[in-house]
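First up is the structure itself, then whatever we jot down about it.
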Amino acid sequence: MSERTVRLELTGMSCANCSATIEEAVGGIDGVESVDANYATDEGSVTYDPDAVSLGEVVAAVEDAGYGVVTETASVGITDMSCANCAETNEDALERTPGVVSADVNYATDEGHVTYLPSAVSLSELYDAIESAGYTPVREDEGGADGEGGDGEQSSDRRDAARNAEVRKQRRLTLFGAALSLPLLLFMTDHLLSLGLFEGTLFGAPLGWVQFALATPVQIALGKPFYENAYKALVKNKRANMDVLIALGSSTAYGYSVVALLDLIASTGLYFDTAAFILVFITLGNYLEARSKSQAGAAIRQLLEMEADTATVVREDGSEEEIPLSEVEVGDRLKVRPGEKVPTDGVVVDGDSAVDESMVTGESVPVEKGEGDEVIGATVNQNGVLEVEATKVGSETALQQIVERVKQAQSRQPAIQNLADRISAYFVPAVIANALLWAAVWALFPEVLAGFVGALPMWGLAAGGPATVGVAEFAVVVFASSVLIACPCALGLATPAATMVGTTIGARNGVLFKGGDVLETVRDVDTVVFDKTGTLTEGEMELTDVEVVGAAADGGAPETAADGGALREAPELTEEYVLELAASAESGSEHPLAQAIVEGARERGIDVADAEEFENVPGHGVRATTPHGEVLVGNRKLLEDEGVDTAPAEEQMNRLEREGKTAMLVGVRDTGDEFRLAGVVADADTVKESAVAAVSGLRERGLDVWMITGDNERTARAVAEEVGIDPENVMAGVLPDEKAEALEDIQSDGTRAMMVGDGVNDAPALATAAVGCAIGSGTDVAIEAADVTLLRDDPADVLKAIRISAATLQKIKQNLFWALGYNTVMIPLASLGLLQPALAAAAMAASSVSVLANSLAFRKYTPDTDYELLGSLRP
């Protein structure tokens with residue numbers, strides 16, 4: 001057994017018992033030999049068998065126990081990858097490195113995302129692991145990875161430079177190979193069509209040696225990368241990849257031709273032209289593929305380019321200075337003139353204007369901004385002059401967070417990719433075995449197969465059959481064609497290329513997916529559960545009603561003391577007095593309902609006194625001591641628990657709740673020892689304009705729509721009726737800590753629900769749902785509990801998220817269909833001798849390019865309508 005020991009930097013420990021909890025949680029994992037957690041130093045060490053348990057499982061066990069492990073995530077550019085098998089090789093090499101928690105390498109983006117323990121492994125060691133696997137990492141500064149302390153812009157520049165260098169390299173090789181191979185095209189045409197244009201010499205030189213002179217430089221220059229990579233794959237990594245197939249196909253044609261040219265075997269023709277064109281076509285495909293990858297990754301560069309280059313800082317003495325954006329600090333006051341970009345996230349401290357936020361949130365209508373309003377960096381000021389105080393800078397800004405979320409999403413692939421990965425892992429060996437099998441069959445039974453295949457109209461695409469070119473020669477043709485036609489490139493690109501475009505479309509429309517796996521899950525939800533306040537409604541409550549209750553409206557009667565003496569007379573119950581009681585009690589609360597009552601009282605000229613003592617009763621209301629005595633404001637249960645009869649207010653409460661208002665009872669102990677019912681106050685929250693359309697669109701897609709709220713049944717049903725949700729699908733009176741249980745009940749029958757909430761109070765429910773969807777505010781991007789973040793406070797964007805998900809999955813399936821369909825059709829043709837090796841190479845290169853082109857065509861999609869499959873088949 002091979003043991004490995006790593007040091008952990010632990011967080012969240014508060015006592016020695018915490019150490020024991022961690023040791024127990026990790027020590028119980030099979031494969032862990034010993035574990036030690038030190039509360040005094042916040043460190044630990046684990047000795048484990050990497051063949052039996054992964055470091056990721058160890059870290060997960062610590063987190064499941066309620067503690068944390070300090071990890072970092074690095075995004076590493078990787079060059080020289082030629083297929084999905086190369087990505088798997090890099091993943092394996094990285095995950096074998098001590099200290100690496102997990103690794104995910106994406107062939108479509110030429111990047112690897114690595115989570116590792118900074119206490120156990122360095123970036124330099126990660127680069128070394130990639131190099132040891134035979135590939136080239138784009139090395140960053142050792143001080144930090146992209147997104148984790150390094151310079152993200154410089155990192156992006158380095159990767160762009162690496163991509164551009166690869167594009168230039170492939171273009172040079174293609175032009176060089178094409179220049180030498182064009183004369184060979186004449187020989188190939190003459191050979192295929194038996195035209196007899198050449199009589200064995202050209203300008204006095206034997207024709208075979210002319211072909212050798214032209215093909216050999218191509219074989220050396222264009223073939224070198226494939227031979228080197230094939231050697232690394234077979235010898236160093238013990239697995240076959242695309243380069244192995246290309247090296248086999250090209251070298252078979254070239255080697256056979258050299259042997260025939262030296263008269264070591266009897267042959268009717270040479271295949272130097274085929275060997276050269278195989279490499280030219282594949283290199284051309286690599287060039288187009290590299291260009292397409294660069295175009296696909298341009299979206300992130302465009303996002304970063306939206307940032308302002310400089311900012312105008314207003315100094316304390318009133319002077320203004322233009323400085324680079326990188327020098328802006330939190331707290332700086334920035335002046336933004338009409339037409340200028342807002343330099344960074346901040347709050348308006350002076351001025352009024354409209355700001356175009358479409359580039360970040362997807363909102364096409366400019367948003368009015370005034371003092372106290374938040375603004376987002378990279379958005380464009382339209383007309384007035386704004387003075388903004390910077391609240392977030394650098395990597396903390398919304399734009400940088402969006403870029404990071406998009407990168408993370410592109411690194412996490414849908415589960416459907418697992419199918420492609422499993423196929424790719426066995427594909428190359430199976431292809432080689434198939435090629436050997438059919439080459440042997442043609443060599444052993446040429447007459448039988450020729451009789452069967454000769455009747456097919458595509459016979460001429462090969463070399464005319466074994467009767468024309470000879471049995472051994474035709475077997476070579478079949479072998480070369482069979483290994484060249486079946487390449488896993490298109491299969492490996494099908495999912496990540498579409499995922500990359502889909503996540504970018506989401507970001508462009510204000511919808512951020514946490515990963516490609518989330519893209520797939522969103523499409524599969526069958527139920528959408530909305531929180532009410534702030535999600536379906538504006539969340540801005542207004543005081544609408546103040547009513548005195550029952551007979552007490554007459555002014556009340558003098559209270560009697562316990563000894564029979566008269567107490568001071570209770571104040572007369574008027575609407576002003578009821579509102580003054582409620583506002584004074586709610587003055588200590590920050591709840592939207594409370595703030596609406598306080599603001600409404602002040603607007604009506606009432607002097608609101610501060611509460612002397614204040615208690616929030618979660619889910620029920622508030623209790624406070626005011627200059628008027630002890631006051632209760634809340635629901636029926638709050639007052640009934642204090643012995644107050646709420647029946648006199650029932651008619652008023654029912655009426656207000658039927659109107660969709662949140663009605664609250666007001667009780668006061670202003671004289672005597674008991675509370676008396678004083679009145680009712682009501683707030684109302686308007687439904688968002690897009691809520692009705694959002695619910696209607698979801699139901700048209702066949703989705704079940706629910707609403708969960710802490711409000712009472714009548715208010716909840718009134719709002720549900722207004723937006724189009726069935727009353728049976730309303731869960732009212734649900735406390736914040738009960739929403740997760742409510743989601744579990746909804747999903748108990750196998751339902752896959754998407755919970756849509758504000759990401760704060762709804763965090764447990766977001767985590768419980770199959771998909772958690774947090775509605776943000778433009779700057780609120782990093783909501784950890786959510787799988788999807790909507791940058792606008794618009795429930796209609798839920799429909800956008802679902803449409804983008806469905807469209808991306810359709811595009812993935814299209815790509816897989818073409819990739820698998822291509823192999824399904826072409827492999828039998830090559831095996832039956834119906835495909836020339838050069839044509840096989842051209843077809844293989846075209847398959848990868850077509851998958852990328854199909855994915856790039858998807859960039860034009862907008863989620864305003866559902867994705868049309870037939871339309872999408874037209875690039």
Side-chain angles (χ1 to χ4, degrees), residues 541-563 565-649 652-653 656 662-683 710-712 735-737 761:
M541 307 299 293
E542 262 184 29
L543 179 69
T544 57
D545 299 86
V546 181
E547 299 185 8
V548 178
V549 173
D554 298 334
E559 296 286 339
T560 303
D563 59 2
L567 292 174
R568 68 183 178 85
E569 185 174 337
E572 179 183 359
L573 290 178
T574 62
E575 290 184 3
E576 290 76 11
Y577 182 59
V578 170
L579 181 54
E580 187 175 353
L581 290 174
S584 297
E586 296 281 20
S587 63
S589 173
E590 296 181 355
H591 194 283
L593 292 171
Q595 292 178 345
I597 293 172
V598 173
E599 187 64 29
R602 287 174 177 158
E603 289 175 356
R604 300 184 189 194
I606 293 176
D607 185 18
V608 180
D610 292 335
E612 298 169 10
E613 294 181 12
F614 176 84
E615 178 190 356
N616 177 45
V617 184
H620 299 298
V622 301
R623 177 199 305 272
T625 301
T626 74
H628 306 288
E630 193 172 356
V631 179
L632 301 172
V633 183
N635 59 18
R636 296 167 177 83
K637 189 175 187 308
L638 179 68
L639 272 71
E640 289 170 353
D641 286 347
E642 293 294 335
V644 179
D645 181 11
T646 62
Q652 291 155 293
M653 292 283 286
L656 293 169
T662 300
M664 293 157 281
L665 296 165
V666 180
V668 60
R669 184 155 56 190
D670 47 6
T671 60
D673 296 327
E674 296 182 355
F675 282 96
R676 62 174 176 149
L677 185 61
V680 179
V681 293
D683 291 344
D711 261 346
N712 62 77
L735 301 179
D737 58 351
N761 292 333

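Please read all numbers here as calculations on a predicted model, not as lab measurements. No hydrogens, no waters, no symmetry mates; every other heavy atom, side chains included, goes into these values.
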Considering all heavy atoms, the nearest [X]-[Y] contact:
X	Y	result
Ser587	Asp610	OG-CA, 3.7 Å
Val680	Ala649	CG2-CB, 4.0 Å
Gly679	Val578	CA-CG1, 4.0 Å
Arg636	Leu665	CA-CD1, 3.8 Å
Ala585	Thr626	N-CG2, 3.9 Å
Ala583	Val608	O-CG1, 3.5 Å

Within this structure, what is the [atom1]-[atom2] distance for the pair [X] and [Y], rounded to the nearest 0.5 Å?
X	Y	atom1	atom2	value
Arg676	Leu639	CZ	CG	13.0 Å
Ile606	Glu575	CD1	CD	9.5 Å
Glu613	Thr625	CD	OG1	4.0 Å
Asn635	Asp641	CG	CG	8.5 Å

Inset, instruction - Only pairs at least two apart or in different chains count here, so list each ring pair (Phe, Tyr, Trp, His ring centres under 6.0 Å) that has a residue in residues 573-611. - result: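 Qualifying pairs: Tyr577-His628.
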Inset, instruction - Sort and list the pairs that fulfil ring pair (Phe, Tyr, Trp, His ring centres under 6.0 Å) and have at least one residue in residues 596-618, not counting sequence neighbours. - result: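 Checked against ring pair (Phe, Tyr, Trp, His ring centres under 6.0 Å) - neighbours excluded - no pair reaches residues 596-618.
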Inset, instruction - Begin from the C-alpha positions of Thr574 and Leu579 and carry the test side chain to side chain contact (heavy atoms under 4.5 Å, CB included) through to its verdict. - result: CA-CA 9 Å; Thr574 62; Leu579 181 54; over 6 Å; no
Inset, instruction - Kindly indicate, with the supporting measurements, whether the criterion side chain to side chain contact (heavy atoms under 4.5 Å, CB included) is fulfilled by Glu599 and Leu543. - result: CA-CA 8 Å; Glu599 187 64 29; Leu543 179 69; over 6 Å; no
Name all residues meeting the side-chain hydrogen bond (donor to acceptor under 3.5 Å, both in side chains) criterion together with [X]; count only those two or more places apart in sequence or in a different chain, and write none if there are none.
X	value
Asn616	none
Thr662	Asp711
Thr646	Glu640

Inset, instruction - For residues 617-633, pull every pair meeting salt bridge (charged side-chain N to carboxylate O under 4.0 Å, His left out), keeping only residues two or more places apart or in separate chains. - result: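 Sorted result for residues 617-633: Glu615-Arg623, Arg623-Glu630, Arg623-Glu642, Glu630-Arg669.
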Legend entry - Heavy-atom side-chain proximity of Leu656 to Glu547 below 4.5 angstrom: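 Leu656 vs Glu547: side chains touch.
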Legend entry - Check: Val546 and Arg604 side chains under 4.5 Å, non-hydrogen atoms: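 Answer yes - side chains close enough.
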Legend entry - Passing candidate, side-chain contact (heavy atoms from CB on, under 4.5 Å) with Glu586, options Val598, Leu593, Val681, Val631: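 That would be Val598.
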Legend entry - side-chain contact (heavy atoms from CB on, under 4.5 Å), paired with Leu677, selected from Val666, Val644, Val668, Leu573: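 The side-chain contact (heavy atoms from CB on, under 4.5 Å) with Leu677 is passed solely by Val644 among Val666, Val644, Val668, Leu573.
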